[in-house]
Amino acid sequence: MNKISIPIGPQHPLLKEPLTMNIDISGERVLGGTLRLGYVHRGIERLAQQKTYVQNVHLIERICGICSHVHTTTFCHAVETLLGIDVPIRAQYIRALMCELERVHSHLLWLGIIAKHVGLDTIFMHTWHDRELALDIMEEVSGGRVSHAANQIGGVRFDLSQEQEAMIRKTVNDLSDKANTLMDVIENEPVLQARTKGVAPLSAETIKNYCVVGPVARASGVDVDMRRDHPPPPYDRLTFNVITRQDGDAWARTVVRAEETRETLKLCHTILDEMPDGPVSVRAPRKVPEGEVVVRSEAPRGELLYYLRSDGSENPARLKVRTPTLPALNLIPKQLSAIHVADIPVVMAGVDLCIACADR
Amino acid sequence: MISGLFYLLLFPGLLFQVICSLFFEWLDRKLLARFQRRVGPPWFQPLADLIKLFSKEDLLPEGANDLVATLLPLISLSAVLTAGLYIPIAGFTPFSFEGDLIVILFLMSVPTLAYYLAGVVSVGVYSILGGSRSLLQFFSYEVPLLIALSGPAIMSGSWSVEQIMISQGSMGPFILFQPVGFVLAVVGLIGKLKRDPLDIPKAKSEVVGGPLTEFTGAKMGLWHLVMNIQAVLGIFLLTNLYLGWTKTFNPLVAVVVFIIEFLVLVVILSGASAIYARLRIDQLAGLGWRILVPLSLLQIGFVILMGI
Amino acid sequence: MSILKAVINAFRKTPDTVKYPYGPLVIPKGFRGAIVIDTEKCSGCGLCVRDCPAAGLELIKESRQDYQLIHYPARCAYCGQCEDSCARGAISHSNDLVEPTYDSDEWVVVLKHQSGD
Amino acid sequence: MVMIDQKTLQKEINNVIDSDFEIYPGIQGDHTICIPSVQLKNVIVMMMDKFDCRHLSGITAQIRSENQDVIEVLYHFWIGSSFSLMIKLPKHAPKLAEITSILPGADFYEREVAEMFGVEFIGREEIPPLLLPDDWDQGPPFI
């Protein structure tokens, strides 16, 4: 068979965000591929140096359209560490609640995508509707579906009223029921299993060598979760299980994310139960004293790293964002060998790409 | 002469088949939408889509053979329309003759081959990939489909669809004797129509649009029409071959029964596309040759034993 | 076959699609919509303009009494920072959807125009 | 995840680079060690061999306004706690050993630093653009 090269991206039905890949195939066999980023590079790290800290909270929120809240939380945490101010505990819990809801909607979104890629549009439609429930909560309490603008330096912008807490509990219960139904469907779907089991398995050794984090790493048995290992507040007060699997194939990744959705919904209840009363924000000065800080947190896709240096002015002197997708993208060309053309979508979906995150 | 034109252009020819295909497309999309908790299109949507496609600019990439690309959907359309003349509708058979089942099956596999050629002449990488996939799929489903469809013919002792219907009148619907054959025929039909879950040649996330990736405008509209008419004819054929009661003494009863059976089959097809994921091409080939072919042979053996 | 059950359930229920604009749309209470201003309270201090991350606000100031506060809805990120920054609580988000337009460059809203007498 | 003792790690690094290193106290929530640029690869090889420390979270490069002639590169590791290696490079000829061959996960991080700061990674082939356009000709954007 002749070797032909098929372009995937920047526009392709497989991709939800622009990315270019050139994949060499021979018949139905994939020989290898290359990858090119940069279509949504917005220069946010450079731009952040020209904006004030207050403005940067909103700029940082626009790095990603799915995990926007965890970016601002991490950024605010970094700035607050430099300022040396203690964020009220209630504000920390509200932040954590939003983070967990975001994880739920991100994982449900991902389950929909993998279902769509293997041709199971029904599950795609059902998951994406259920995901709306999580978005509805966030819109109700913060005012925005995707860009919540919930954080400000020193706390959060809104408080949860009694009715809102009751509404969240009810919706989270509802969501748990729906998530259970979905997991039931996914676990008993024979064709989905046939398409994902044994596809592009990654050993723990490969995962470690490629510095991959998050659900992809946990599906290969690398037990790493920054919420537990290096807890940003208030995760040091919360207890939850970290889900791991050993197989490392696309099916293990599906199961890990599905189980994590359930676990996260349980954690939402814990957060609401343990949430103390009190103020939700403190006043923060506009100028940040000189200093540097490294902050890590667990985004839905894995470890998120922020490095922030302040030179005492209103603008950050250097802001470095390492998003969890970046090392996972590195792994894609490696996975693209000795698989079928039909497995390309499964591999691409398996690492849960977020190109906007990786490009910044 | 007049009656000939009537048969060709109005019923059961062009107009009836086009209307049926538009209705089928709407019903299919509406059902699928409801299975997926969506609203679905209004009743005129398929017609609007067709008009839109026919009024759009017709483009082909450089290096593609325009003449062949235009001829292929036309040939397929004429093949399926001709096949439609021989398929009885509610017991109405103007052109029936002994052996028309074979003619129908032959004419209905013309679009698949044209589909493959369409992929080759329109030079895109996805088209070629989709074209070769459609041929692979053709070899996987066609054999069990043909073996399964010969079941009713053997049972009634005739290769005429009308004769098969008449013998079902006395023996009862063949689905009672050949349930496996019916299931295989439905699977084969889904494969033939390249519908979800066997839409491997045009799987969106893998090969974009398959062989029709580079087609636009009127040619694309024709291809849509061909696929939908093929679906309607396939359903008509299965209704006649397996479900029986479509040729009774009262034509009105026959029409009602025929419509109900048509709707049931549409629900089965839409339901299958809603609940199954797409297979990989090697998995389909394995399914076809390891499971479907032996099953169809078993069914035929059973039918022959019953005849003795 | 739990997927079959899910599909049958879905078929029996009414669809979830929101038929906006042909049907009603539920807007949550806290939704950040169009920018409105209380002209009585606004003093033209420019705090909102300083903090706006998207350059969606502009203050053209001739003197203390003579100024214009201009809003560019097409640039606005609807983040709510101006509402947060305003010390007098003059500028805020209403709960209304922002109507789209064909010409975003020309889309300018004068929030407050005070001319010194 | 195994915790690695900071003290032991520092002792081993001391052994590798044959001289006393400098601890940079400026970064909050992180242990930072300044090492000479020529020793980077050796230190990382030692960390991988002795401690199985392969969790590289990212590479940050920056130029401080008070010292414009130096490009500072930070290798953020995760060893059960936050740990960074700091390397100072001259701005006029920034050269650094590549570590992609021993730790493939560093590939994109190195490419980003090379692209944004013009750092040359010795031992790597010519690096194709990662984030910037193909026809970018205005030099590294951060310099």
Side-chain angles (χ1 to χ4, degrees), chain A residues 47-48 51-62 68 72 115 120 122-123 125-130 132-133 135-153 157-158 161 163-164 167 178 180-192 281 286 314, chain C residues 1-20 24-36 45-58 72 75-87 89 91-98:
Chain A
L47 190 57
K51 303 235 173 220
T52 63
Y53 286 99
V54 176
Q55 292 172 334
N56 269 331
V57 176
H58 302 290
L59 176 66
I60 295 303
E61 184 147 45
R62 276 148 186 86
S68 54
T72 54
L120 202 58
T122 313
I123 296 301
M125 294 286 174
H126 287 196
T127 14
W128 277 46
H129 174 261
D130 295 344
E132 287 294 320
L133 291 177
L135 289 174
D136 282 349
I137 299 179
M138 291 195 273
E139 188 176 17
E140 180 82 36
V141 299
S142 74
R145 232 172 126 259
V146 173
S147 309
H148 316 300
N151 284 318
Q152 60 184 21
I153 294 164
R157 280 212 184 146
F158 53 85
S161 63
E163 300 91 67
Q164 279 176 331
M167 182 273 294
K178 298 204 161 164
N180 282 336
T181 322
L182 270 177
M183 303 313 145
D184 192 31
V185 168
I186 285 167
E187 275 155 20
N188 295 314
E189 169 58 42
V191 187
L192 181 64
S281 68
R286 289 179 63 84
E314 281 189 359
Chain C
M1 288 305 281
S2 38
I3 185 166
L4 193 61
K5 218 166 77 190
V7 163
I8 292 171
N9 276 339
F11 187 73
R12 279 163 48 197
K13 279 192 287 186
T14 48
D16 297 317
T17 315
V18 178
K19 287 184 177 170
Y20 184 78
L25 180 71
V26 184
I27 301 177
K29 246 179 271 162
F31 175 74
R32 296 191 302 272
I35 302 275
V36 288
C45 64
L47 279 177
C48 50
V49 179
R50 183 192 65 180
D51 277 351
C52 181
L57 290 164
E58 193 183 353
Y72 301 97
R75 294 188 203 164
C76 183
Y78 299 92
C79 63
Q81 186 58 47
C82 48
E83 192 178 336
D84 242 29
S85 298
C86 187
I91 194 164
S92 63
H93 282 278
S94 72
N95 215 348
D96 304 326
L97 292 178
V98 183

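To find a chain, count down the sequence lines: A is the first, B the second, and so on, and within it residues start at 1. What you see below is based on every heavy atom in this structure, not just the backbone, and it leaves out hydrogens, waters and symmetry mates.
Note that the OG1 atom of A:T52 and the CD atom of C:Q81 stand 8.0 Å from one another [nearest 0.5 Å].
Residue A:L182 does not touch chain C at all, counting heavy-atom pairs closer than 4.5 Å. Neither the backbone nor the side chain of A:T181 comes within contact range of chain C; no heavy atom of the residue lies under 4.5 Å from a heavy atom of that chain. Interface residue C:D84: only side-chain heavy atoms are found under 4.5 Å from chain A.
In this structure a side-chain-to-backbone donor-acceptor pair under 3.5 Å is missing from A:Q55 to C:A54.
Residues A:S142 and C:R32 share a closest heavy-atom pair of O-NH1, 3.0 Å. Shortest non-hydrogen contact noted between C:A77 and A:R62 is O-NH2, 3.3 Å. Smallest separation of non-hydrogen atoms from A:H126 and C:A6: CE1-O, 3.9 Å. For A:A149 against C:C79, the heavy-atom pair with the smallest separation is CB-O, 3.3 Å. Nearest heavy-atom pair, C:P53 versus A:K51, reported as atom, atom and distance to 0.1 Å: O-NZ, 2.9 Å.
Across A:E140, A:H129, A:H148, A:Q152, the residue that shares the most heavy-atom pairs under 4.5 angstrom with chain C is A:H129.
Proximity of A:R286 to C:D51: side-chain heavy atoms (C-beta onward) are separated by under 4.5 Å at one or more points.
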